[in-house]
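Structure first, then comments.
Worth knowing before you read on, the calculation uses all heavy atoms, side chains too, and leaves out hydrogens, waters and symmetry mates.
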Amino acid sequence: MKLPLARLVASLLLSAAAAHAKPCGNPAAVLETRQAAEEQCACGAATRNRSYMSCVLRVAHEAVVSGALSPRCKAAVMSCAQRSVCGKPDYVTCCRTTPEGTTTCAIRRSARACLAHPPKGGHSYLSSFSSVCDACPAGVCTSTTTSTTLGVSAMAEDCRSILVTWSNPEVSVTIGRSTDNATWTTVLSASRVGEATFLDTDLQPLTAYYYQVTPLSGP
C-alpha cells in the first residue's frame, strides 16, 4: 500500500563551548598557522612533547610578528597543540558520548584507559584526530533533537556524525538534509525494508542540520 506523502522533520544542532573567555576572532588565521606548524613540526614524527610544543610556539610567534596572527589567536593555536597526542607516545584522543548525545573529548594515556570507562549507558571511542580541537571543538559537543510523528529522531553519534532513526522498519523512506530548512539535499534515496536507521557522516560542528524523512511505501 502506498503511503500518503508525509514529511517528518528532525533538527539537530552540534555546538561547541567557547574554549576561552575571550575567544580568537579569526579562526581562519588559527587554521592557517596550525597548518604551517604541522608542515614544520610534524605531529606524527614528534617523539617528545616538549620539543613539539617548542616548535609550534616558534611558528605561532613568527605568525604574530608577521601580523598574520593576533596574540589572542596565538593562545588558541597553542591550546590545540597542548591538547593533542603529538610527542606523547601511546596517548590517544578519547571521546565519550552519553545517552543524551553529549560528546566530550580529551587526551588519555592509552586506548585501554579510554575504552575501559565509557559513560553509563553511553560509549567511548578513539578519534583519528590528533588534537581535541579537531575531534570535538573546545572538547565539548552537545546535541539537541526535535522530532515529529512516527518516531523520527536525530542524535549525535560523535561530533561529526548524526544517527537518524524512525520507528517502523517495514516502511521504506527517503531522507533529505538541510542547513537552512529550505534547500534540501537527498542523503538517502531509499532505505531497505527492515532497516530503520541512517548514519550521516562527515558533518561540521557549530551547524544546525535538519532532516526530512518521507515514507515511500508500506506493507
Side-chain angles (χ1 to χ4, degrees), residues 14-98 101-119 122-143 156-162 201-207:
L14 295 182
S15 62
H20 310 281
K22 295 181 179 180
C24 165
N26 191 348
V30 172
L31 178 59
E32 184 176 349
T33 303
R34 291 185 64 206
Q35 290 174 339
E38 177 58 27
E39 292 177 0
Q40 298 180 46
C41 308
C43 174
T47 57
R48 296 181 59 195
N49 180 253
R50 179 176 297 181
S51 299
Y52 173 76
M53 291 298 296
S54 294
C55 181
V56 175
L57 180 60
R58 175 181 54 79
V59 174
H61 176 71
E62 291 174 352
V64 171
V65 171
S66 70
L69 190 71
S70 69
R72 184 178 297 173
C73 292
K74 175 186 175 182
V77 171
M78 297 309 300
S79 175
C80 289
Q82 181 63 46
R83 297 183 300 152
S84 76
V85 299
C86 305
K88 302 176 183 177
D90 299 325
Y91 276 63
V92 299
T93 305
C94 177
C95 296
R96 306 169 78 244
T97 300
T98 68
T102 299
T103 296
T104 58
C105 298
I107 302 303
R108 293 290 179 260
R109 289 183 175 274
S110 67
R112 181 178 180 180
C114 171
L115 302 176
H117 303 288
H123 67 281
S124 297
Y125 64 94
L126 303 179
S127 171
S128 60
F129 292 104
S130 62
S131 173
V132 169
C133 287
D134 303 309
C136 197
V140 180
C141 292
T142 60
S143 67
E157 285 290 284
D158 53 50
C159 284
R160 296 196 183 272
S161 63
I162 297 171
T201 59
D202 297 326
L203 303 177
Q204 297 298 315
L206 291 175
T207 304

Q: Could you tell me whether the SG atom of C105 lies less than 2.5 angstrom from the SG atom of C94?
A: no

Q: Please name all residues satisfying side chain to side chain donor-acceptor pair (under 3.5 Å) with R112, sequence neighbours left out, ordered by chain then number.
A: none

Q: Please name all residues satisfying side-chain contact (heavy atoms from CB on, under 4.5 Å) with P119, sequence neighbours left out, ordered by chain then number.
A: R96, T98, S124

Q) Closest approach of V77 and A60, non-hydrogen atoms and distance? A) CG1-CB, 4.3 Å

Q.
List the residues meeting side-chain contact (heavy atoms from CB on, under 4.5 Å) with D90, not counting sequence neighbours, and say none if there are none.
A. none

Q. Which one of I107, V85, T104 satisfies the side chain to side chain contact (heavy atoms under 4.5 Å, CB included) criterion with V132?
A. I107

Q: Would you indicate whether C41 and C86 have their SG atoms under 2.5 Å apart?
A: no

Q: Name all residues meeting the side-chain contact (heavy atoms from CB on, under 4.5 Å) criterion together with V64; count only those two or more places apart in sequence or in a different chain, and write none if there are none.
A: L69, P71, K74

Q | Heavy-atom pair of closest approach, residues L115 and Y125 | A | CD2-CA, 4.0 Å

**Q.** Contact check, side chains of H61 and V65, non-hydrogen atoms, under 4.5 Å
**A.** yes

Q: Among residues two or more places apart or on two chains, list those pairs meeting salt bridge (Lys or Arg N to Asp or Glu O under 4.0 Å) that have a residue in residues 26-37.
A: R34-D134

Q: Quick one: pull up OG1 in T93 and NZ in K88 and give me the separation to the nearest 0.5 Å.
A: 9.0 Å

Q. What pairs of residues pass the salt bridge (Lys or Arg N to Asp or Glu O under 4.0 Å) test when at least one of them lies in residues 48-70, not counting sequence neighbours?
A. R58-E62

Q.
Could you measure the distance from the SG atom of C80 to the CZ atom of F129? Nearest 0.5 Å is fine.
A. 12.5 Å

